[in-house]
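Quick notes on the structure that follows.
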Amino acid sequence: MGSDWDPWDDGAEEAELMRARRVACAGWAAIFAVCVGAVLCVAVVVLVVLVGLFLLIRAQ
């Protein structure tokens with residue numbers, strides 16, 4: 001009666017937990033990739049605007 005061994009336990013619960021962790025990790029990676037992409041896009045837009053303003057000021 002003191003044994004924790006269960007002959008009916010096929011490890012499905014642990015496999016499901018591992019799958020859930022992998023899905024959560026992939027979700028966080030996707031969120032991180034989208035955020036990095038957005039920051040890079042904003043940086044490119046700011047750089048283009050600054051270069052444009054510099055060229056406008058120089059042309060006058």
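Here the structure is a predicted model, which is why all the values come from computation and not from measurement.
Residues forming a side-chain contact (heavy atoms from CB on, under 4.5 Å) with Val36 (at least two apart in sequence, or on another chain): Phe32, Leu40. When the side-chain contact (heavy atoms from CB on, under 4.5 Å) test is applied to Leu17, the partners found at least two apart in sequence or on another chain are Arg21. Every residue two or more places apart in sequence or in another chain that forms a side-chain contact (heavy atoms from CB on, under 4.5 Å) with Val46 is listed here: Val42, Leu50. In this structure Glu16 satisfies the salt bridge (charged side-chain N to carboxylate O under 4.0 Å, His left out) test together with Arg19, sequence neighbours excluded.
For Glu14, the CD atom is densely surrounded, since the number of other residues' heavy atoms within 6.0 Å is greater than 12.
Side-chain heavy-atom separations under 4.5 angstrom define the hydrophobic clusters, and the remaining members of the one that includes Val44 are Val48.
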